[in-house]
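Shown next, in structure tokens, is the structure this report addresses.
Ligands are counted one by one from 1 in listed order, and the atoms in each one are counted from 1 as well.
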Amino acid sequence: MATNETFAPAKINLTLHVTGRRADGYHLLDSLVVFADLGDRLWLDPGAQMSLQVTGPFADGVPSDNRNLVWRAAEAAGWCGTIRLQKNLPHGAGIGGGSADAAALLRALHGNDAARGIGVQAALALGADVPVCLHMGPQRMRGIGEDLTRLGQSVPRLFAVLVNPGVHVPTPQVFAALTCRDNPEMAPMPERPDRQSFLSWLALQRNDLQAAAIARAPVIKEVLAALTATRGCALARMSGSGATCFGLYATRDQAARAARDIAASNAGWWVRSVITCGRDIS
Ligand code: C5P
């Protein structure tokens, strides 16, 4: 029996601009998305019956029936069998969660061109973040999540620290709390920037959901302050609708040290040092 193992990396919104709202209430976004070398894992065994077993440090509270996006993705793809899902990442946390898991399953079934296999609209119907998670490289995401531009080699690999303080901020509530929905899109990204010029450009961009998320969960402000206070932190920002935030560093050692320091003084927080997908530069 062939077991298919697949990886669902953490999604990081390096920027997330809210540029408008559609008549159906969904928001128009302009977001630069990358993926980390850390994520959930799935094992798929085709069979006559659907079943889902959830394990791992963040298994608690994750449904193991058709409320789980992985289950629904399997159904949408016409696949049946046993799924084992190892939750290594906090969920409902702005770093992909169920969308990343669903996309990983679709990638396992359809290969790297999963967007063509399932169709972008079917992926979007599962969740607005599913299409971007189908491809594991840097992308610019527009529309409500369906308009994707692959950025290939133009984004440098980054050393990052992810911090989640253990609070859950529901995405619809964060969008509903926005006071402004017509913000400018991202400024043009420099062409093939080195890490320093990329970080300088990135610092001038935004996550327009950050203030609304902080209003609901003030601890996010503490997370950003803790990241900003670490040595070598070039930029600290929230990912998605929170509550996970990231800090960016020039070297792997700086990121590792920052992660150690934050974890040491905040026992309840989830803290990980990661490397993002992107162009290799020394
Ligand atoms: O599509 P998904 O289930 O991930 O979205 C969760 C919620 O986030 C939506 O119900 C909507 O309230 C909000 N959302 C939005 N605009 C987007 C994506 C999500 O308003 N582009």
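Of all protein heavy atoms, the one closest to atom 9 (C) of ligand 1 is Y26 OH, 3.7 Å. Here the heavy atom of the protein found nearest to atom 7 (C) of ligand 1 is P172 CG, 3.9 Å. Remark: minimum distance from atom 19 (C) of ligand 1 to any protein heavy atom is reached at F175 CE1, 3.7 Å.
The environment of CZ in R252 is sparse: at most 12 heavy-atom neighbours from other residues, nucleotides or ligands sit within 6.0 Å. Other residues, nucleotides and ligands contribute at most 12 non-hydrogen atoms within 6.0 Å of the CZ atom of R231. More than 12 heavy atoms of other shown residues, nucleotides or ligands fall within 6.0 angstrom of atom CG in D65.
Of the N or O atoms in A128, one or more lie within a sub-3.5 Å distance of an N or O in ligand 1. The N/O atoms of G127, backbone and side chain alike, include none that comes under 3.5 Å of an N/O atom in ligand 1.
The shortest side-chain heavy-atom distance between F198 and L158 falls under the 4.5 Å cut-off. Looking only at side-chain heavy atoms (C-beta outward), T276 and L14 stay at 4.5 Å or farther from each other.
Near L29, meaning under 4.0 Å from any of its heavy atoms, are these atoms of ligand 1: 21 (N). If you number the atoms of ligand 1 from 1 as listed, the ones under 4.0 Å from a heavy atom of I144 come out as 21 (N).
For the residue pair S273 and Y249, no side-chain donor N or O sits within less than 3.5 Å of a side-chain acceptor on the partner.
One option in M141, H27, E146 has a heavy atom closer to atom 15 (C) of ligand 1 than any other, and that option is H27.
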Could you go step by step and tell me if K11 and M141 meet the side-chain contact (heavy atoms from CB on, under 4.5 Å) rule? CA-CA 12 Å; K11 167 217 73 165; M141 177 178 85; over 6 Å; no
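Distances from ligand 1 to the non-hydrogen atoms of T171 include at least one value under 4.0 Å.
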